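Atoms considered below: every heavy atom in the structure, side chains included; atoms not considered: hydrogens, waters and symmetry mates. It should be emphasised that the depicted structure is a prediction, and the values quoted were computed from it without experimental measurement. Residue numbers start from 1 in every chain, and the chains themselves are labelled A, B, ... in the order their sequence lines are given, proteins ahead of strands.
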Amino acid sequence: MSKPTPISGFPEWTPAQRMIEQFVLDRIRGTFELYGFAPLETRSVEPLDQLLRKGETSKEVYVLRRLQADLDPAGDDALGLHFDLTVPFARYVLENAGKLQFPFRRYQIQKVWRGERPQEGRYREFLQADIDIVDRDTLPAHYEAEMPLVIGDALRSLPIPPVRIQVNNRKICEGFYRGIGLTDPEAALRAVDKLDKIGPARVAELLAETAGASEAQAKACLALAEISAPDASFADAVRALGVSDPLLDEGIAELSAVVETAAAHSPGLCVADLRIARGLDYYTGTVYETQMIGYERFGSICSGGRYDNLASSGNVRFPGVGISIGVTRLLGLLFGAGALSVSRDVPTCVLVAVTNEEERAASNAVAEALRSRGIPTEVSPSAAKFGKQIRYAERRGIPYVWFPGAEGDAVKDIRSGEQVAAAAGEWTPPRADLKPLVGLAGA
RNA sequence: GUGGCUGUAGCUCAGUUGGCAGAGCACCGGGUUGUGGUCCCGGUUGUCGUGGGUUCAAUUCCCAUCAGUCACCCCA
């Protein structure tokens with residue numbers, strides 16, 4: 001059989017990287033629960049028509065079918081792997097509305113799949129950590145202000161570079177575009193979104209070509225997109241452009257509240273940035289994007305927004321707001337940069353040496369005593385020379401080697417070389433050594 | 001999904017104008033009859049991404065394919 005090869009866009013980590021990922025997931029989950037979000041997991045597949053309901057056919061959805069299924073693999077009843085966690089969640093809410101308490105706060109940490117061409121930080125199978133709040137009929141705007149707080153706390157608890165959450169409100173863009181007489185706000189948004197990459201001159205050209213903007217309209221769009229402020233002062237800058245529209249006013253008020261709330265909680269975390277406006281097309285209000293400082297060129301590691309029309313049945317609506325951490329992208333980028341480290345490759349804290357195979361039982365007894373007190377322990381694979389057994393531990397980063405002895409046991413910290421007499425029923429490693437230490441390399 | 005660039009040991013890379021493939025680090029053994037990391041000596045590492053074609057001969061040329069990466073698209 002020939003050597004197996006990777007599948008494009010389906011990353012697999014090493015055990016050390018997986019330990020970092022689990023550490024990160026634990027922290028994220030901890031923060032989500034600290035804010036009272038309840039756990040939820042939905043199935044991996046949704047009916048295809050549900051998945052394609054909102055977007056154009058451009059959504060690269062993977063279809064699921066049996067090997068020997070009949071023809072028509074993409075019929076109305078076909079199943080597709082979900083490409084985000086919000087659409088399945090909206091479906092879940094509709095399906096279980098009778099059992100849920102509203103407003104409903106939930107988090108969901110699961111794989112999602114998108115059939116796009118992969119590159120660094122972009123995958124076809126990746127992990128998202130998502131929070132959403134939905135309510136029945138109406139959703140108070142203060143929830144839009146809560147999202148950055150949760151995310152700010154969650155990301156701050158991770159061994160990653162500092163982040164900046166950029167916030168905008170689609171009502172501002174749509175209201176403004178309407179106010180100046182633009183007819184295709186979607187196209188205008190797409191053009192404006194490229195501002196960082198291609199510069200104002202070419203964005204103006206794009207606006208003219210794809211959104212039918214006049215020179216004055218293009219200029220106004222650019223002026224709006226260039227507004228950015230860490231506080232509500234962005235509102236003055238918008239008003240100074242002299243456009244008026246009811247939707248625009250609504251958006252300004254909502255965005256002001258979001259930015260002010262964030263500033264009170266953690267100054268510098270959030271910035272009103274009127275050029276960011278894209279993301280999934282079901283957003284109707286606040287939208288969020290998050291960059292790691294120093295890694296801006298890799299795009300957003302955490303995005304979301306408010307959606308008013310995703311879940312409705314009959315005359316009941318469930319507006320919501322949510323945001324999602326791109327865990328795989330976050331980690332993929334930092335792994336690629338060699339920016340994350342773990343103190344060891346295995347959970348093991350203590351390696352119990354084996355004096356000779358006849359006495360392996362004694363080593364097993366030591367290991368059991370340590371494990372019973374919560375100390376991750378493994379027994380040496382062979383009764384090789386102690387030098388080799390120590391090296392076995394060293395290669396994996398296991399900090400302690402335990403030597404059983406007729407005259408009493410001893411435990412050695414192989415990092416310092418310090419060795420002390422010890423009893424398996426009593427000895428405890430320093431708290432910091434109990435679990436692998438995850439950190440930002442060089443920090 | 002479209003187009004560009006790349007693909008040699010576990011890692012970082014050299015190399016062959018087509019003639020049985022190299023370095024450093026890593027790894028293994030010994031120096032050290034049981035306590036590693038430094039040092040010294042020795043050793044192994046590979047279908048030269050995969051498949052096909054041209055040729056007496058291909059890792060080197062050609063085609064396809066897969067993977068990585070970049071741009072578009074889209075977005076975590």
Side-chain angles (χ1 to χ4, degrees), chain A residues 1-12 14 28 55-62 82-86 109-130 151 155 163 186 189-190 193-194 197-198 206 210 276-283 287-292 295 297-305 322-333 336 338 351 353-356 359 380 382-405 410-419:
Chain A
M1 198 171 87
S2 60
K3 197 173 169 181
T5 53
I7 297 176
S8 186
F10 290 74
E12 294 181 311
T14 62
I28 290 173
E56 315 299 311
T57 48
S58 66
K59 289 269 165 48
E60 306 267 4
V61 173
Y62 281 107
H82 57 226
F83 62 86
D84 73 357
L85 299 177
T86 308
I109 301 175
Q110 285 179 244
K111 291 272 177 69
V112 305
W113 295 269
R114 292 182 194 175
E116 291 177 22
R117 182 80 115 227
Q119 43 188 268
E120 188 167 27
R122 314 187 51 179
Y123 307 99
R124 293 169 141 164
E125 177 182 68
F126 58 97
L127 200 55
Q128 286 195 322
D130 192 291
I151 293 304
L155 295 180
V163 302
E186 304 282 322
L189 281 181
R190 266 199 297 281
D193 186 71
K194 298 190 197 304
K197 263 187 181 168
I198 64 177
L206 259 184
T210 64
I276 75 115
R278 286 210 304 149
L280 298 164
D281 51 14
Y282 46 67
Y283 297 135
V287 289
Y288 316 92
E289 264 188 30
T290 310
Q291 318 230 297
M292 264 190 296
Y295 294 79
R297 79 178 193 86
F298 292 110
S300 175
I301 53 137
C302 177
S303 307
I323 186 164
S324 194
I325 301 174
V327 178
T328 307
R329 167 175 290 181
L330 176 68
L331 292 175
L333 296 176
L351 176 76
V354 175
T355 310
N356 58 61
E359 289 170 71
S380 180
S382 76
K385 288 184 184 179
F386 283 165
K388 284 201 181 177
Q389 299 193 44
I390 290 171
R391 199 155 63 187
Y392 175 95
E394 192 207 356
R395 291 283 136 81
R396 284 150 239 262
I398 298 170
Y400 295 97
V401 176
W402 191 284
F403 299 100
V411 64
K412 176 181 183 125
D413 181 336
I414 65 174
R415 296 159 302 185
S416 64
E418 189 189 353
Q419 183 167 329

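A donor-acceptor contact shorter than 3.5 Å links the side chain of Arg114(A) to the backbone of Phe83(A). Side chain of Ser300(A) to main chain of Glu289(A): no donor-acceptor pair is present (N/O by atom type, distance under 3.5 Å, no hydrogens or angles).
For Tyr392(A), the side-chain hydrogen bond (donor to acceptor under 3.5 Å, both in side chains) test picks out Glu378(A), with sequence neighbours left out. Every side chain to side chain contact (heavy atoms under 4.5 Å, CB included) that Gln419(A) has, sequence neighbours left out, goes to Phe403(A), Ala410(A), Lys412(A). For Glu125(A), the side-chain hydrogen bond (donor to acceptor under 3.5 Å, both in side chains) partners two or more places apart in sequence, or in a different chain, are Trp113(A). Thr5(A) pairs by the side chain to side chain contact (heavy atoms under 4.5 Å, CB included) definition with nothing, not counting sequence neighbours. Legend: residues meeting salt bridge (Lys or Arg N to Asp or Glu O under 4.0 Å) with Arg122(A), ordered by chain and number and at least two apart, are Glu116(A). Under the rule for a side-chain hydrogen bond (donor to acceptor under 3.5 Å, both in side chains), Tyr288(A) has no partner lying at least two apart in sequence or in another chain. With sequence neighbours left out, Asp193(A) forms a salt bridge (Lys or Arg N to Asp or Glu O under 4.0 Å) with Arg278(A). In this structure Ile198(A) satisfies the side chain to side chain contact (heavy atoms under 4.5 Å, CB included) test together with Lys194(A), Arg202(A), Val203(A), Leu206(A), sequence neighbours excluded. Taking the side-chain hydrogen bond (donor to acceptor under 3.5 Å, both in side chains) definition, one finds that Arg415(A) meets it with Tyr400(A), Asp413(A), Asp433(A), sequence neighbours left out.
Distance check, rounded to the nearest 0.5 Å: OG1 of Thr328(A) to CZ of Phe10(A) gives 11.5 Å.
Comparing the same atom, P, in C61(B) and in C73(B) gives a spacing of 34 Å after rounding to whole Å. Comparing the same atom, P, in U59(B) and in G52(B) gives a spacing of 12 Å after rounding to whole Å. With C1' as the reference atom, U12(B) and G31(B) are 30 Å apart, rounded to whole Å. The same atom, C1', is picked in C5(B) and in A21(B); the two are 25 Å apart, to the nearest Å. One P atom belongs to U60(B), the other to G7(B), and the distance between them is 12 Å to the nearest Å. Distance noted for atom P between A64(B) and G4(B): 11 Å (whole Å). The gap from the C1' atom of C25(B) to that of U45(B) amounts to 13 Å, rounded to the nearest Å. C70(B) and C28(B) have their P atoms separated by 35 Å, with the value rounded to a whole Å.
Base pairing of U65(B) is made with G49(B), judged by Watson-Crick or G-U wobble geometry with both donor-acceptor distances under 3.5 Å. Using Watson-Crick or G-U wobble geometry with both donor-acceptor distances under 3.5 Å, A14(B) finds no partner in any strand shown. G3(B) and C70(B) make up a base pair, with Watson-Crick or G-U wobble contacts both under 3.5 Å. Pairing for A57(B) is absent, with no Watson-Crick or G-U wobble pair whose two atom distances lie under 3.5 Å. Nucleotide A76(B) is matched to nothing when pairs are restricted to Watson-Crick or G-U wobble geometry with both distances under 3.5 angstrom. Using the Watson-Crick or G-U wobble rule with both distances under 3.5 Å, C27(B) pairs with G43(B).
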What protein N or O atoms touch nucleotides 6-11 of chain B N or O atoms at under 3.5 angstrom, if any, and at what distances?
none

Would you tabulate the pairs of protein nitrogen or oxygen atoms and nucleotide nitrogen or oxygen atoms of nucleotides 26-36 of chain B closer than 3.5 angstrom?
unit_1 : atom_1 : unit_2    : atom_2 : d
C27(B) : OP1    : Arg395(A) : NE     : 2.9
C27(B) : OP1    : Arg395(A) : NH2    : 3.3
C28(B) : OP2    : Arg395(A) : NH1    : 3.0
G29(B) : OP1    : Lys388(A) : NZ     : 2.7
G29(B) : OP2    : Arg391(A) : NH2    : 3.1
G34(B) : O2'    : Phe386(A) : N      : 3.2
G34(B) : O6     : Thr355(A) : O      : 2.2
G34(B) : N1     : Thr355(A) : O      : 2.5
G34(B) : N2     : Ala383(A) : O      : 2.4
G34(B) : N2     : Ala384(A) : O      : 2.1
G34(B) : N2     : Lys385(A) : N      : 3.1
U35(B) : O2     : Lys412(A) : NZ     : 3.1
U35(B) : O2     : Gln419(A) : OE1    : 3.4
U35(B) : N3     : Gln419(A) : OE1    : 3.1
U35(B) : O4     : Gln419(A) : NE2    : 3.2
G36(B) : O4'    : Gly387(A) : O      : 3.4
G36(B) : O6     : Ile414(A) : O      : 3.3
G36(B) : N1     : Ile414(A) : O      : 2.4
G36(B) : N2     : Ile414(A) : O      : 3.1

What pairs of nitrogen or oxygen atoms, one from the protein and one from nucleotides 63-71 of chain B, lie under 3.5 Å apart?
unit_1 : atom_1 : unit_2    : atom_2 : d
A67(B) : OP1    : Ser8(A)   : N      : 3.1
G68(B) : OP1    : Gly9(A)   : N      : 3.4
G68(B) : OP2    : Ser8(A)   : OG     : 2.5
C70(B) : OP2    : Glu120(A) : N      : 2.8
A71(B) : OP2    : Gln119(A) : OE1    : 3.1

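Heavy atoms of Lys194(A) sit under 4.0 angstrom from primed sugar atoms or phosphate atoms, though from no base atom.
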If you apply the rule side chain to side chain contact (heavy atoms under 4.5 Å, CB included), what do you find for Phe298(A) with Glu120(A), and how did you get there?
CA-CA 8 Å; Phe298(A) 292 110; Glu120(A) 188 167 27; 3.4 Å; yes
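In this structure, Leu280(A) atom CG and C75(B) atom C1' are separated by 7 Å, rounded to whole Å. The nearest whole Å value for the distance from the CD atom in Glu116(A) to the P atom in C74(B) is 9 Å. Protein atom CD1 of Ile323(A) is 10 Å distant from nucleotide atom P of A76(B), rounded to whole Å. Rounded to an integer number of Å, the gap from CG of Leu331(A) to C1' of A76(B) is 12 Å. Whole-Å rounding puts the Asp193(A) CG to C75(B) C1' distance at 10 Å.
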